[in-house]
Every structure is written in C-alpha cells, then in structure tokens.
J.: 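I have a structure I would like to understand better, so I am pasting it below and will then ask my questions one at a time.
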Amino acid sequence: MIKSTKTLLACAALSGLYAGALSARSYGATPVEAGSKHTVQLADKDKASCSGKDGCSAKDKDSCKGLHDCKGKNACKGQGGCKSGDNGCRGKNSCKGHGGCSTAQKPADHGKA
Amino acid sequence: MHAAITRPLARGDRAQRRWFDGTSSDRALARLVKPSRTLRPVERVEIYNRMYWFRLLDSLAQDFPALRAHLGEQRFWDLAERYLAAHPSRSFTLRNLGRRLPRFLRAHPELVHPDGPAAVDLARFEWAQVVAFDGLERPPLEPTALAAADPATVRIGLQPYVTLLAVRHPVDDFVIRLKQEERLRSAASNATQETLEPQRNHEPLAPCPVLDLAVHRVANQLYYKRLAPEAALLLRRLRAGHSLADACSVAFRASRIDPELQSQLVRDWFSTWTRLGWLCAA
C-alpha cells in the first residue's frame, strides 16, 4: 500500500474519531444506544451476580446499587459483597447435618442427603 | 491451619483423612484444634475445608455458566475440580480464579473430549466477560489531544477491558440463546433461582469460519460485538502499538474490499469505537 493511501486511511480514521466524539457528546451521558446495531448486549452479568443473593441482601441493599461504582477499578469482583455463591448456606455450619446444603450441586452428590 | 482448610477435598467431598506426612489427619489436627462436644478435630476443620472448596467451585461456575451448560453438570464439576487442583487460588480475589481455564482446557483436551475446541472458545469468551466486567478503564481519548498529531505517525490505544477474540464456534449466539432459555424458564416457573440448574445443552456447538468478536462494556453493561476481519486486524495492530497509518494499511492488505470503500469503512469504525469508548491514549 502506497504511503498516500496509508495516510488517507489514517485521516479517515481521525475524522471518524472526531465524528464519534461529537456524536457521543450530543448524546450526553449515553455514549451509545444500547441494543442498537452497534453492539449486542450479553447477559446481565452484573445484575445477575448481585440481585437476590445472600451476599448483597445480608449486608446492605445499597451494596447492590453500588456494584457499578467499583467497576473499572479491578478489585471489585470476588470480594464478597456482590459475589456470594448461589446457595448461601452451602458449606456453612448452620447447614451441617441438614442434608440439603451439605454438598455442591453435583449430580453425583444429589440424593445423598 | 491454612493448609488444612485449603487442601483439595477427598472422594465424596470430604476432608482428606491422611495428613501431609501420611499420618492420620485426625491425629495431626488434634494438635491444632480441640474437639467439640459432638465433633472430632478433623470434622470441625472439615466444615471450613468444604466451605472453602465449594466457594471456589461456585465462583468458577458463576463465571463460566455457558461452559457449564455446554459440558453438562458432571463433566463441568470434574473439570472444575481438576482445574482448581492444578491452579489453586493464589489471589486475594476470586475474580482471577478462572484466568487460566482456557489455557488449561487447551492443555487437557481429554477432560472435555470431544468438545475441546468449543469448550476452549466458550471459556475464552466467558473470561473476556470477566475482564469486560471490571477491567481497567483508561481515560477515553480526547480528540483535542490529537489536533496536532501527524496522521502518519500517531498511535492510539485500546481500552484494557476490551477483549478481541477470534473464535471458531458461534459462542456469542450460544450464550444469548442460553440466556433466552433461562429467561423463558424463569418466566414459566415460580421456582426459586436456586433450584434452576443450567440446562444441559447436548447440541454440539458446530464449528464455523473464524469469527472476530469484541467483548466490552457500555454504561456498566456487558456487550459483545462482531467485527469485520479487517476491523479486528486493525484493532489488534493498534493494541500491539503500531501507528494508526500502519494499522490501517495492514488491515486491508489481504482484503477484497473495494479501495474506495475502505476510507468510508475506517471512518465509520472509528466513529463507532469512539462512541463506545474503546479508544484511549497509546
């Protein structure tokens, strides 16, 4: 590819970048139309990992709302507040001997209790 | 004590009955833990030993639901146990627990035979979602910072939370389909979430031509986006530190796209990527 074509493409890229920045500003706080042709939403992973689970409800309802605050800072996930196991009682003293909580959801273990 | 609690479980998900030196765990733990009224020392420690391992297994299952659905329960849990035995948690956060799973699957295809390649693609796709979920975000690129830049030499970076994947299975469609099925099942049932195990999907994930995907986030929601091969190549070049001009030229080197259309495409791509917030300073 000759140099002028390379530069032409780079100029096109920069003009797109400017156009995108202007467009994003005109949308205000919404940088992109979610669900538009630009992008396809995956699972509501952030919601699913939080709502209705013991780790959130047991501590503070606001810990769910605050989930998004820690995104992008690398140290959010797995610290407990929003990522409890699906079965809150699993492995805890309170369930010992009750049967239903004593094993992981493994098929081999089902029916043991 | 730490070693006793974090040891892999033995058969039947019980604490190992032998201590590290081959002697009885019961005897060894009696030196560290008093018996309770009803439990021997090893039984008391076993509560925490099991809690620790079930927590790790839960965490892995939570980060790889599509892989779990694809493999089925038994194979997924067997895989998870083998993986955790090989790569135990070494971080303060469970966020990093599944980081090596794609590589582990590549190294041990026998664990997921005959679904090895599809399983690797699914694991990569789901790990990319972990990265997109809470990966580092750099300040977005300010066009004013490029006002005086030379188009031939300027370099542009890609946000660390954006993962570019080239997969050989339509994992994106698979995950979306799975989510739709889950929503349908949730809507059709009053059962609690706890009783809803992921549906086992026995349909093989058929191979497809190479599919370029970007997994990213917008307004704190996860998304994926299919990319044209040229766009994916361009982004990879930018991430690798190439100049904008070089990245653009390499992207179209083997392309059949009409040269007259290339500029328009590049302009559209950069406009979209800027709006999505993918670009940052190199």
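What's counted below: heavy atoms across the whole structure, side chains too, no hydrogens, waters or symmetry copies. Chain naming here is simple, since letters A, B, ... match the order of the sequence lines and numbering starts at 1 in each.
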J.: Can you find a pair of side-chain heavy atoms, one from B/S263 and one from A/L9, that are under 4.5 Å apart?
T.: yes
J.: What's the shortest heavy-atom distance between A/T7 and B/A152, and which atoms?
T.: OG1-CB, 4.4 Å
J.: Heavy-atom cut-off 4.5 Å, strictly under: side chain, backbone, both or neither for B/D150 against chain A?
T.: neither
J.: Side chain, backbone, both or neither: which part of B/I156 has a heavy atom under 4.5 Å from chain A?
T.: side chain
J.: Between atom OG of B/S249 and atom CG of A/L8, what is the distance when rounded to the nearest 0.5 Å?
T.: 12.5 Å
J.: Can you measure from CG (A/L17) to OG1 (B/T272) and round to the nearest 0.5 angstrom?
T.: 11.5 Å
J.: Is B/R138 atom CZ crowded by more than 12 heavy atoms from other residues, nucleotides or ligands, each under 6.0 Å away?
T.: no
J.: Using side chain to side chain contact (heavy atoms under 4.5 Å, CB included) as the criterion, list what pairs up with B/A281, not counting sequence neighbours.
T.: B/L141
J.: Given that the side chain runs from C-beta out, which part of B/L146 has a heavy atom under 4.5 Å from chain A: side chain, backbone, both or neither?
T.: both
J.: Could you give the distance from CD (B/Q262) to OG1 (A/T5), rounded to the nearest 0.5 Å?
T.: 8.5 Å
J.: Identify which of B/N49, B/L265, B/V266, B/L97 forms the greatest number of heavy-atom pairs closer than 4.5 Å to chain A.
T.: B/V266
J.: Top residue by heavy-atom pair count (under 4.5 Å) with chain B, among A/S15, A/A10, A/A13?
T.: A/A13
J.: For a quick test of reading the model, state the closest non-hydrogen atom pair linking B/R267 to A/A19 and the distance between them.
T.: NH2-CB, 3.8 Å
J.: Sequence neighbours excluded, which residues qualify as salt bridge (charged side-chain N to carboxylate O under 4.0 Å, His left out) partners of B/R75?
T.: B/D115
J.: Of the backbone (N, CA, C, O) and the side chain (C-beta and beyond), which part of B/A147 lies under 4.5 Å from a heavy atom of chain A, both, or neither?
T.: both
